[in-house]
Amino acid sequence: MHPRAVSIGAHETLADAVVAMQELKVKRLPVTQSNRVVGILTHGELRRNLPPLKDGLTPWDFAGRVGRVRVREAMRQPVHTVTPGTPLTTAIHTMLDRHISGLPVVNDDGALLGMLTLTDVLRAEAKTPRLRWGAVEQHMTVGVVTTPADAPAHEAAAKLKISRLRVLPVLQDGVLAGLLHEVDLAEALDRASAGHGDTVMGGQFLLEGKTARDLMRPPTGHMRGGTPMRDALSQMLALDVHGLPVVDDAGKLLGVVTISDVLRTVLGQAKEGQVGMG
């Protein structure tokens, strides 16, 4: 774990949480009350509880509404926690099974001692000398959810939502052309909705005329087949990403190595569900 984890009080406002996350560059904050961890506030919960831009609020009104919402109203609870004595394998299983990226570390009284994140686990594993995992093909996810580059953006957005992925590989004739990130789609929807009221068709209306190609990022960070799994781990840490596409010499997508694939390899487990870059 990393100690000195920053928390936020249950009675503080969403505005306080936004400032804390931006300044500290974190995506989750343990929520405390009477010195005990009572919940967790993630970037996702925070975003869902901010006033929508389509309401046409002035900056003054927007700030006022954000300032009236308390963290306790947006936090996720009950919160999954671990203690300093919890076996690391148990903590990893909890994060994998619950689809969460971090666990507050508490003492017997529930007081916050630190945070354990998936990135902490990867950094610790990267320092061990025993890594003999073979190549990425032995561990990668092959049943990858993808989208054609010319597919309507709203269809790609629906794929991300239904599959609960954060990143969608974008293909052109089977070749990796780019990566579509959930955060980029959300920002595009925010910009498009700012000048509109509520619409029946939602994202389909707001993203009309745009394709996956219009919103994708360049395919940086991909790996070639045959890359050692140890290098995939190092590259994830360097790029601060939770998934890397694997391509052949012609750029054809072979699969993806996700953070879940790496953690299952750490646990010595066989490959499980074929999903995508979650």
Side-chain angles (χ1 to χ4, degrees), residues 1-8 17 20-32 36-46 75-133 136 139-141 164-167 181-183 221 223 228-244 256-269 272 275 277-278:
M1 72 176 190
H2 55 272
R4 302 178 185 173
V6 178
S7 62
I8 191 165
M21 285 190 183
Q22 286 186 334
E23 290 188 348
L24 299 170
K25 297 181 180 179
V26 297
K27 297 179 180 178
R28 65 194 64 82
L29 289 170
V31 182
T32 59
R36 297 183 68 253
V37 176
V38 295
I40 193 163
L41 184 67
T42 69
H43 184 271
E45 274 92 32
L46 182 57
M75 71 183 186
R76 182 190 303 171
Q77 61 178 152
V79 58
H80 297 283
T81 62
V82 291
T83 67
T86 300
L88 183 58
T89 54
T90 300
I92 295 174
H93 277 298
T94 298
M95 288 191 276
L96 286 173
D97 294 343
R98 301 291 180 178
H99 301 284
I100 53 181
S101 300
L103 292 167
V105 182
V106 301
N107 64 16
D108 292 339
D109 296 322
L112 183 66
L113 301 176
M115 280 289 293
L116 177 72
T117 69
L118 294 178
T119 302
D120 294 326
V121 176
L122 294 188
R123 284 179 180 148
E125 193 63 24
K127 295 176 183 177
T128 63
R130 61 171 180 79
L131 295 181
R132 297 181 181 275
W133 295 343
V136 290
H139 307 283
M140 70 184 184
T141 296
R164 298 176 66 186
L165 302 177
R166 295 186 182 95
V167 182
H181 289 252
E182 179 188 38
V183 64
M223 297 174 296
M229 193 67 172
R230 171 63 180 268
D231 292 350
L233 168 56
S234 299
Q235 196 164 350
M236 280 188 190
L237 288 172
L239 297 174
D240 191 24
V241 296
H242 286 184
L244 292 168
V256 297
V257 174
T258 70
I259 195 169
S260 296
D261 295 327
V262 174
L263 292 175
R264 290 191 183 103
T265 305
V266 170
L267 294 172
Q269 293 182 354
E272 295 183 8
V275 285
M277 296 179 68

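For the numbers below, each heavy atom of this structure counts, side chains included, while hydrogens, waters and symmetry mates do not.
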Item to check | Stepwise side-chain contact (heavy atoms from CB on, under 4.5 Å) check, Thr89 with Ile92 | outcome: CA-CA 5 Å; Thr89 54; Ile92 295 174; 5.6 Å; no
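- Just one of Val257, Thr258, Thr265 meets the side chain to side chain contact (heavy atoms under 4.5 Å, CB included) condition when paired with His139; it is Thr265.
- Residues that satisfy the side chain to side chain donor-acceptor pair (under 3.5 Å) test with Thr81, not counting sequence neighbours, are absent from this structure.
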Donor-acceptor pairs under 3.5 Å, side chain of residues 100-118 to any protein atom, not counting sequence neighbours: which ones?
unit_1: Asn107; atom_1: OD1; unit_2: Asp109; atom_2: N; d: 2.9
unit_1: Asn107; atom_1: OD1; unit_2: Gly110; atom_2: N; d: 3.0
unit_1: Asn107; atom_1: OD1; unit_2: Ala111; atom_2: N; d: 2.9
unit_1: Thr117; atom_1: OG1; unit_2: Thr119; atom_2: N; d: 3.4
unit_1: Thr117; atom_1: OG1; unit_2: Asp120; atom_2: N; d: 3.1
unit_1: Thr117; atom_1: OG1; unit_2: Asp120; atom_2: OD2; d: 3.0

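- Residues Ile259 and Leu122 have side chains in contact (heavy-atom distance under 4.5 Å, counting atoms from C-beta outward).
- Residue Thr90 holds its OG1 atom at 11.0 Å from CE of Met95, rounded to the nearest 0.5 Å.
- Scanning all heavy atoms of the two residues, the minimum distance from Leu237 to Ala126 falls at CD1-CB, 4.0 Å.
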Item to check | Evaluation steps, side-chain contact (heavy atoms from CB on, under 4.5 Å), between Val79 and Val37 | outcome: CA-CA 8 Å; Val79 58; Val37 176; 3.9 Å; yes
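- Residues Val38 and Met75 are in side-chain contact: their nearest non-hydrogen atoms beyond the backbone lie under 4.5 Å apart.
- For Gln235, the side chain to side chain contact (heavy atoms under 4.5 Å, CB included) partners at least two apart in sequence or on another chain are Met223, Leu239, Leu244.
- The shortest distance between side-chain heavy atoms of Glu125 and Val262 does not fall below 4.5 Å.
- Side-chain atoms of Leu267 and Leu96, non-hydrogen and from C-beta on, do get closer than 4.5 Å to each other.
- Annotation: the span from Leu263 atom CG to His93 atom NE2 amounts to 10.5 Å, rounded to 0.5 Å.
- Scanning all heavy atoms of the two residues, the minimum distance from Leu29 to Ala17 falls at CD1-O, 4.2 Å.
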